[in-house]
Amino acid sequence: MVGTSGSGKSTLLQLLMGANSDYSGSILLNDRELKEINADNLYDVMSLIGQDVFLFNDTIRNNITMFGDFPAERVSAVIRQAGLSELIAERGADYLCGENGSGLSGGERQRIAIARALLRRTPILLVDEATAALDAETAHSVSEAILHLPEVSSITVTHRLEESLLCQYDRIFVMKGGRLAEQGNFEELMERRGLFYSLYTVANS
């Protein structure tokens, strides 16, 4: 999902997460109205990687696992996918993050949040500008990892308009003024030369 700031992308993700049931129209999940689904059941099938990251004053490992019991190889895999390997090598998985992650940089906190969401392996993954605080190389690597998660449907909000990534999405939704302005795959939208074409051209000029 792409669009200028304030176009409604993050609001749409919040609605999908059940943050506000006072909406008009319908939001259907497997033919069931979203507001009729119990919040706990909804969170069992959805994970959100957002822009705001909450960490507690405990180890990196516990901030990733949230004290859950996961196989070591699975934890290692998400550490690698989220670009945390270097941090773990330097400070160790038992490094205390500080209150709300005060002992880490913004990018490091974001990587932990990404690893936390990947570890849950929910069938639906919502990604709201999750790589905004990362350097370009790490952001690309994390985006690739999310795109190739097996048996996961991801809905991604991004300002990083990279052709190599955009070509891999089944469908791109272009938001404007709280409404859907365009939709299609990368090739279709570029050929249309509409709003998406303008956004992509400006971003890559």
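Residue numbers run from 1 in the order of the sequence given.
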Interatomic spacing from NZ in K35 to OG in S26 - rounded to 0.5 Å: 7.5 Å

Step-by-step side-chain contact (heavy atoms from CB on, under 4.5 Å) determination, L96 to N57: CA-CA 6 Å; L96 293 177; N57 188 22; 4.1 Å; yes

Polar side-chain atom of R109 near backbone of L104 as donor-acceptor pair, under 3.5 Å: yes

Hphob cluster co-occupancy, I155 + I37, side-chain heavy atoms under 4.5 angstrom: yes

Shortest non-hydrogen contact from L125 toward A117: CD1-CB, 4.2 Å

Heavy-atom check, side chain of C97 versus side chain of D58, under 4.5 Å: no

Over 12 non-hydrogen atoms of neighbours within 6.0 angstrom of CD in E90: yes

T122 backbone acceptor or donor facing S47 side chain under 3.5 Å: no

Non-neighbouring partners of Y200 that pass ring-ring contact (aromatic ring centres under 6.0 Å, His included), sequence neighbours left out: F186

Hydrophobic cluster identity match, L118 and I112, side-chain contacts under 4.5 Å: yes

Listed once per pair and sorted, the side chain to side chain donor-acceptor pair (under 3.5 Å) pairs that draw on residues 97-107, sequence neighbours left out: S105-E108

Spacing of CD belonging to Q81 relative to CG belonging to L119, to within rounding of 0.5 Å: 10.0 Å

Donor-acceptor contact present, side-chain N204 to main-chain L161, <3.5 Å: yes

Any side-chain heavy-atom pair of L34 and Y23 under 4.5 Å: yes

hydrophobic_cluster_shared for I124 and V142, side chain cutoff 4.5 Å: no

L29 side chain near V45 side chain, heavy-atom distance below 4.5 Å: yes

By ring-ring contact (aromatic ring centres under 6.0 Å, His included) - contacts of Y43 (at least two apart): none

Backbone of G103 reached by a side-chain donor or acceptor of Y95 within 3.5 Å: yes

From SG (C167) to CD1 (I172), nearest 0.5 Å: 7.5 Å

Test item: I64 and L84 side chains (from C-beta on) under 4.5 Å apart, heavy atoms: yes

Listed once per pair and sorted, the salt bridge (Lys or Arg N to Asp or Glu O under 4.0 Å) pairs that draw on residues 161-171, sequence neighbours left out: none

I114 to A82 - nearest heavy-atom pair and separation: CG2-CB, 4.0 Å

Test item: E33 and I27 side chains (from C-beta on) under 4.5 Å apart, heavy atoms: yes

Rounded distance (nearest 0.5 Å) linking atom CG of L48 with atom CZ of R120: 10.0 Å

Test item: M1 and L13 side chains (from C-beta on) under 4.5 Å apart, heavy atoms: yes

Min side-chain heavy-atom separation H148-Q168 under 4.5 Å: yes

Heavy atoms from other residues, nucleotides or ligands near CD of Q183 exceed 12 (cutoff 6.0 Å): yes

Backbone N/O of F56 and side chain of N63: donor-acceptor pair under 3.5 Å: yes

Salt bridge (Lys or Arg N to Asp or Glu O under 4.0 Å): pairs with one or both residues in residues 61-70, sequence neighbours excluded: R61-D94

Connected via hydrophobic side-chain network under 4.5 Å: L147 and V127: no

Sidechain-backbone polar pair: T158 side chain, R160 backbone, donor-acceptor under 3.5 Å: yes

Backbone of G50 reached by a side-chain donor or acceptor of E129 within 3.5 Å: no

S143 to T131 - nearest heavy-atom pair and separation: OG-CG2, 3.9 Å

Sub-4.5 Å side-chain heavy-atom contact between V152 and R121: no

CA sep, side-chain torsions, deciding dist, call: M46, L126, side-chain contact (heavy atoms from CB on, under 4.5 Å): CA-CA 7 Å; M46 284 192 188; L126 308 181; 4.2 Å; yes

Common cluster, L195/L180, ILVMFWY with side-chain heavy-atom separation under 4.5 Å: no

Any donor-acceptor pair under 3.5 Å from K9 side chain to M175 backbone: no

Evaluation steps, side-chain contact (heavy atoms from CB on, under 4.5 Å), between K176 and L199: CA-CA 11 Å; K176 181 180 181 181; L199 292 171; over 6 Å; no

Donor-acceptor contact below 3.5 Å, side chain E182 vs main chain L189: no

Distance, nearest 0.5 Å, that separates CG of N20 from OG1 of T11: 9.5 Å

Criterion side-chain contact (heavy atoms from CB on, under 4.5 Å) on L166 and F196, from CA distance to verdict: CA-CA 11 Å; L166 293 169; F196 176 81; 3.9 Å; yes

Atom pair CD1/CD1 of I60 and I79 - distance to nearest 0.5 Å: 8.0 Å

All pairs passing salt bridge (Lys or Arg N to Asp or Glu O under 4.0 Å) where residues 133-149 contributes a residue, at least two apart: R111-D135

Q110 side-chain N/O to A130 backbone N/O, donor-acceptor pair under 3.5 Å: yes

